[in-house]
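Source: prediction; values computed, not measured. As a basis for the values below, the full set of heavy atoms in this structure was taken, side chains included, without hydrogen atoms, waters or symmetry mates. Protein chains get the first letters and strands the later ones, always in sequence-line order, with residue 1 at the start of each.
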2 protein chains.
Amino acid sequence: MVKSTIKDVAQLAGVSLKTVSRVINKEPFVRQATIEKVSKAIEELGYQPNLAARNLRSGKSYALGLVYDNPNPYYIIDMQQGALNVCRDMGYGLQIHPCDAAQDNIAEELVDLYRDADLSGLILAPPMSERADIIKVLRRNDIQYVGIVSGTAEDPALTPCVHVDDRKAAYNITKHLLSLGHTHIAFFWGEEIHKSSPERFHGYEDALREEGITLDPSLIFDGAYSFESGIENAQKLLQLPDTPTALFCSNDEIAAGALTVFTERGLQVPHDIALAGFENSPFSRHSSPPLTTAEQSTIEIAAAATRLLIAGMRPHTIESENELVTEFSPTLIIRQSTCPVDGR
Amino acid sequence: MVKSTIKDVAQLAGVSLKTVSRVINKEPFVRQATIEKVSKAIEELGYQPNLAARNLRSGKSYALGLVYDNPNPYYIIDMQQGALNVCRDMGYGLQIHPCDAAQDNIAEELVDLYRDADLSGLILAPPMSERADIIKVLRRNDIQYVGIVSGTAEDPALTPCVHVDDRKAAYNITKHLLSLGHTHIAFFWGEEIHKSSPERFHGYEDALREEGITLDPSLIFDGAYSFESGIENAQKLLQLPDTPTALFCSNDEIAAGALTVFTERGLQVPHDIALAGFENSPFSRHSSPPLTTAEQSTIEIAAAATRLLIAGMRPHTIESENELVTEFSPTLIIRQSTCPVDGR
DNA sequence: TTTAGACATGACTACGTTGTCAGGAAATTC
DNA sequence: GAATTTCCTGACAACGTAGTCATGTCTAAA
């Protein structure tokens, strides 16, 4: 099986090289009959365009970069899967790029990556996507990108991006706890640099305020999206004179840490303290008890972001604008880690 | 900042295009002084070779594919990191390719991937790397590859590959349990399709046999590398008339499932039953108690495999053959989930 | 000194595609 | 029917690199 080129196709179809190129790239001004003739020849020969030649000549690269700095492998794997699915469909390659958001020259690193790997666009996961300073550098360098951003407010400093409504999801979780009769609900933060963290906090705030409950600062703990942070804050929590009846952790990993501490101290979840997480990680399904949490369809979100990016670069390849979903809202998943407050 | 080409470099260094090309590709027959002159010019201009042009001309692609079907995201992330590190160093791109090993036409899928994405080599993670049928198809199609294989026995059907000595590591874990006085040690298998599973079992066998202990079939449980499998088999285990004093699970996830069951039933680990896992996953550090396990440096292993693959394709780019490590042995990590048998 | 042979360099070309531009065919207007 | 305008097609060049081959320059043996 010898690789066939555009030349072979042209010969078989009885047209010129350029016309074949036009058909392949869906350029306008080709007669329908010609399109069909060429398409048939392409199929017959099993022709596949040579990426290298295409890239060289067009200066574009048909490869996207997926940029992330996120400690959660489950999240990353799903992101990759979502982006890959769309890339495959649209004939793009995908380069993964784990990196360190805390690094000083991270923006320059991305610019270099973009050039060196000859990418035609970047997909940014949080928190990179939420850093206006990074976005600014990308724009200044004419780099195509798309972000995944927590919150629904249109922030012109961050567009284009897809939005995830963490606030509403956190509101729903808190409402769930409230509906079970809990009024003393503690909150464990994740890193502030992840916009999802304040968003989730605001959702918690919204629900309490709606019920006329004043926030109790002693029940609110700074932290990070990690197991260790959950352990640390749970220990502090248990030192309070008046232990709350429920705890809402900004993600499942934090909740896992807290759960470990509670179990060690002989506290029963949910009877002694109700516990909710966020993200629907495998841990939340496997812990005992399984955690009440919020599910975000990371694969879908990443796919939508990728579609949006490609649409921005090659408008005519996207069938209809309607396909471009940019708003996502995680859904509440109720499991055994929450129960009515008088269930104690 | 305009992108500079090989032409600019040649002009600045006062040599021909071809000579610059020679320096870049480390071809022989270039005078040391010339190399330095050109290198200096390259640095001065911040020259980066144009991948597309290079690919087009050479017919090779300077892009590798990382192929895996593994449910463990932590493992995957480490694999990716190891492969990426080397790819960056050697100027290669990396395409990830998650797939389903159980699919019928998986070998053809890989062949198509190789052609369509214009890759120059594949890095195969287990279990793909251990499937002689897949390897055979790759060879027949002249596809460059490298595998990561459990076991030390040279299997000509699988080379080239790097080896991971799971058997010895499992032997060490079992020896550790034996040294603590345990003689009734149960074993939970992973999927048989992963060669690591029988290898780990053999290590367990080796250690028991060395002590003159006859294997007790009722203590050996088939299963999979999953939390659920651990739960299921732990439940069966506890129905035995004579519960063993120790349990060796083929990986940490299985151990996590077993631990959950033990904790629910009020059994204390390690006092009522000692528990060992394998892989040193984050869970093994975070569980209570933390698990005795074996650490495999997945990043290193993936890096070594990638180096081996590149060495096979472009022998002169590797400084010395000695760098090519192909044997890895996971190391024993003793934590609080194991204690002497009379500690009960 | 001569003469191989090994070493070192450069001119030229090809890789497969897309951009440019020119020109022909069809549709529309006068 | 002529003159536009719009649509459609092809010839040719060019992208930046590496392969081929010819040629020049050393070193060391005759």
Hits for ring pair (Phe, Tyr, Trp, His ring centres under 6.0 Å) against Tyr74(A), two or more places apart or cross-chain, chain-then-number order -> Tyr74(B)
Does CD in Glu43(A) sit with more than 12 non-hydrogen atoms of other residues, nucleotides or ligands closer than 6.0 Å? no
Set of residues satisfying side chain to side chain donor-acceptor pair (under 3.5 Å) with respect to Asn72(A), sequence neighbours excluded: Glu279(A)
Students should find this one: the first and last nucleotides of DNA chain D, 5' to 3', lying under 4.0 Å from a heavy atom of chain A. What are they? dC7(D) to dG16(D)
Kindly state each residue pair satisfying ring-ring contact (aromatic ring centres under 6.0 Å, His included) with at least one member in residues 97-148 of chain A, sequence neighbours excluded. none
Tell me the bend of the helix from dT1(C)-dA30(D) to dC30(C)-dG1(D) as the angle between end helix axes, each from five pairs, rounded to the nearest 10 degrees. 40°
Please identify each residue that fulfils side chain to side chain donor-acceptor pair (under 3.5 Å) with Gln296(A), with sequence neighbours left out. none
For His163(B), what residues pass the ring pair (Phe, Tyr, Trp, His ring centres under 6.0 Å) criterion, not counting sequence neighbours? none
Could you work out, with side chain to side chain donor-acceptor pair (under 3.5 Å) as the rule, every residue matching Asp78(A), not counting sequence neighbours? none
In a table with atom names and distances, give each donor-acceptor pair under 3.5 Å that connects a side chain of residues 33-40 of chain B to protein atoms at least two apart or in another chain.
from, atom 1, to, atom 2, distance (Å)
Glu36(B), OE2, Gln32(B), NE2, 3.3
Ser39(B), OG, Ile35(B), O, 2.7

Applying salt bridge (Lys or Arg N to Asp or Glu O under 4.0 Å), can you list everything that pairs with Asp133(A), at least two apart in sequence or on another chain? Arg131(A)
Sequence neighbours left out, what passes side chain to side chain donor-acceptor pair (under 3.5 Å) with Asp112(B)? Give chain and number order. none
In B/S/- notation, 5' to 3', how is nucleotides 9-20 of chain C contacted by protein heavy atoms closer than 4.0 Å? BBB-BBBBBBBB
